[in-house]
Amino acid sequence: MNTVAIIGGGFSGVMTAVNLARLAAQPLGITLINHARPNGRGVAYGTRRLEHLLNVAARNMSAFPDFPDHFLRWLQTRGEFEQEPETALRERFIPRSIYGDYLRGLMQHYLKPAHATAGLEVKFIEDEAIDIDTGGEGAIIYLANGESLSAERVALATGNEPPASLPGADALAGHPAWAGNPWLPWENRLPPDGGRIILLGTGLTTVDALVTLRALNWQGHIDAVSRHGWLPRSHFRGIAYDDFPPAGVDLAKLGLPALVALMEQHCARLREMGENPAIVVDKVRPHTQRIWQSFMLEERHEFARRHAPLWNVLRHRIAPEIHQQVTAMQNSGQLSIAAAAIESVESSGAQVKVHLRHTDGARSTIAGDLVINGTGPQTRFVETRNPLLRNLLRRGLIEPDDMGMGVRIAEDHAVITKGGERSKVLLALGPLLRGTLWETIAVPELRGQAWRVAQTILGAPSVRETIRWDEATNALEYEI
């Protein structure tokens, strides 16, 4: 029996296991190694708070690239949605905890079936994988509890890194006013009404914190700080805009300067029409990975340095109802946004001080009764704090990509070793591929990766998912 180990129990890991179970034509043993959070939920779907919504409408959240309406059909089996018209349900932004229920249900159906599937053996290990040895045939995986197991192939689906540490943060470990990891519980440390909370970062993690504070009816002041001071934009219903990309223009062949100029030209045209310029970003989306891979290394660095902040704001949008809540907090004066670099943090009695450098060069200090680090996942791969990834780097079994954001892989997701060889054992998917693919954290990308990793492991023909713009709905659609 062939054996596969999957390290990571979030979306990527679980759906790789599910696809292996669906596609395997020969006996197969699957071991899913996971720790810290329930399988299938991970950080994104581990929340139990109903105010935390998906950032993509239900119509595009199927876990299966070959069944694009699967999530929608599953929703229709739930009592709270069965009476809702399908047209409305398709556009609904569902609570993330419910999406976690969906993934747990898929895991139960395919990996823990009521009737044993002939030739399929699935094991679940609740522990942390800390090292892998590929010196012999296959791999030996070492666990934090001192035990080990063997597998012929290993898929690395370790997910997002925790936020990068800030200067002075190490000295704040255990401080009651410091939440260095925003994905761990902090709600039980809220200051009394009238206190001050500081959110470091103004992205999706900060939005989660804001809507939670609003749901808890916390009555105090909130400061949110990031380099540009940009909050995520709202999803919207676009228009059919056939002028972009221009007929006969391959966006992947333009290079960064020409691509930026073309996008800015069409954004300006949309503004003149009274339409949202983010339509251009949506219409670039089907080409993003191909564009990124066609860029020279210098262009990738230039994009990451100059254009990525605005791209991320326009690209990673939030549900309109969430955007309305955040806007209401700003309008009421409860929420203040500052554009400043975070220079350091330090203890100040029961509070934490945050030292800032503003865009005009001026410096200031603010103190919070609770300071939450929502600056986003660590993206410098060589600085990973994951013991497994650190050991794989040390052994030369993985190699950072050219951008230093993740691991180097072959087209079929096989890892490239430090010696430049294609690994016969290790594969990688998810945020580990950020430097290779750029777009690699959303379900529409991850479901295709989980499908392709399963195909690679099983030696099945590769079938790629296509992202296209649907002119009937004026929205992105995904299909095999």
Side-chain angles (χ1 to χ4, degrees), residues 1-20 23-24 28-35 122-123 125 127-144 147-161 381-382 384-437 440-441 445-446 448-460 462:
M1 176 181 288
N2 294 329
T3 55
V4 178
I6 300 167
I7 299 176
F11 180 97
S12 299
V14 165
M15 288 312 301
T16 298
V18 166
N19 284 316
L20 285 169
L23 299 174
L28 183 66
I30 302 172
T31 301
L32 189 62
I33 303 170
N34 180 52
H35 78 290
V122 182
K123 297 179 182 178
I125 294 179
D127 201 358
E128 183 178 13
I130 58 172
D131 201 359
I132 298 175
D133 183 2
T134 62
E137 291 294 324
I140 299 176
I141 303 163
Y142 298 94
L143 305 176
E147 297 179 358
S148 63
L149 67 146
S150 60
E152 293 169 313
R153 305 296 295 273
V154 180
L156 304 175
T158 53
N160 276 316
E161 295 269 319
F381 187 62
V382 293
T384 177
R385 285 170 280 171
N386 183 311
L388 171 63
L389 299 178
R390 292 179 66 88
N391 282 324
L392 294 179
L393 282 168
R394 176 181 56 81
R395 290 177 178 270
L397 296 178
I398 59 176
E399 172 77 355
D401 58 53
D402 289 339
M403 291 292 293
M405 292 180 167
V407 300
R408 192 186 306 277
I409 62 162
E411 187 175 357
D412 63 356
H413 288 261
V415 164
I416 304 299
T417 69
K418 186 176 182 179
E421 298 177 349
R422 180 184 180 278
S423 176
K424 297 179 180 179
V425 177
L426 300 178
L427 304 97
L429 69 162
L432 288 172
L433 310 188
R434 185 179 278 107
T436 301
L437 301 176
T440 185
I441 60 172
E445 282 78 36
L446 296 180
Q449 292 181 24
W451 175 269
R452 289 193 291 276
V453 167
Q455 290 174 323
T456 298
I457 291 172
L458 298 173
S462 179

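Summarising the geometry, atom CG belonging to Leu20 is positioned 5.0 Å from atom CG belonging to Leu458; distances are rounded to the nearest 0.5 Å. Atom OG1 of Thr456 and atom CG of Leu427 lie 6.0 Å apart (nearest 0.5 Å).
Residues Leu446 and Ile441 come closest through the heavy atom pair CD1-O, 3.6 Å. In this structure, Gly430 and Ser12 approach most closely via the heavy-atom pair CA-OG, 4.1 Å. Shortest non-hydrogen contact noted between Gly159 and Pro431 is C-CG, 3.7 Å. Closest approach of Val4 and Ile457 over heavy atoms only: CG2-CG2, 3.5 Å. Taking each heavy atom of Ile140 and Ser148 in turn, the nearest pair found is CG2-CB, 4.0 Å. Considering all non-hydrogen atoms of both residues, Ala414 and Ser423 come closest at CB-O, 3.9 Å.
Between Leu149 and Lys123, every side-chain heavy-atom pair lies at or beyond the 4.5 Å cut-off. No side-chain heavy atom of Ile125 sits less than 4.5 Å from a side-chain heavy atom of Asn34. Residues Thr134 and Arg395 are not in side-chain contact: their nearest non-hydrogen atoms beyond the backbone lie 4.5 Å or more apart. The shortest side-chain heavy-atom distance between His413 and Leu156 does not fall under the 4.5 Å cut-off. Inter-residue side-chain proximity for Ile132 and Leu388 is flagged as met; some heavy-atom pair is nearer than 4.5 Å. Residues Leu32 and Val122 have side chains not in contact (no heavy-atom distance under 4.5 Å, counting atoms from C-beta outward). Between Val415 and Leu397 there is no side-chain heavy-atom pair separated by less than 4.5 Å. A 4.5 Å side-chain heavy-atom check between Leu393 and Pro400 finds at least one atom pair inside the cut-off.
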Exercise for review: Output, in order, the C-alpha distance, side-chain angles, deciding distance and verdict of side chain to side chain donor-acceptor pair (under 3.5 Å) for Thr440 and Gln449.
Suggested key: CA-CA 9 Å; Thr440 185; Gln449 292 181 24; 2.8 Å; yes
Review point. Taking it one step at a time, do Val407 and Leu433 satisfy side chain to side chain contact (heavy atoms under 4.5 Å, CB included)?
Key: CA-CA 6 Å; Val407 300; Leu433 310 188; 4.2 Å; yes
Check your understanding: Should Leu389 and Phe381 be marked as a side chain to side chain contact (heavy atoms under 4.5 Å, CB included) after you check the CA-CA gap, both sets of side-chain angles, and the distance that decides it?
Key -> CA-CA 9 Å; Leu389 299 178; Phe381 187 62; 3.8 Å; yes
Exercise for review: Could you go through the side chain to side chain contact (heavy atoms under 4.5 Å, CB included) check for Arg434 and Asn160 one step at a time?
Suggested key: CA-CA 10 Å; Arg434 185 179 278 107; Asn160 276 316; 3.2 Å; yes
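Taking the side-chain contact (heavy atoms from CB on, under 4.5 Å) definition, one finds that Arg408 meets it with Glu399, Asp402, Ile416, sequence neighbours left out. Take Ala17 and apply the side-chain contact (heavy atoms from CB on, under 4.5 Å) test, not counting sequence neighbours, and it matches Ile6, Ile30, Leu111. Residues satisfying the side-chain contact (heavy atoms from CB on, under 4.5 Å) test with Asn2, not counting sequence neighbours, are Leu28, Glu152.
A donor-acceptor pair under 3.5 Å is formed between the side chain of Arg153 and the backbone N or O of Lys424.
Side chain to side chain, Thr384 and Glu161 meet the donor-acceptor criterion of an N or O pair below 3.5 Å.
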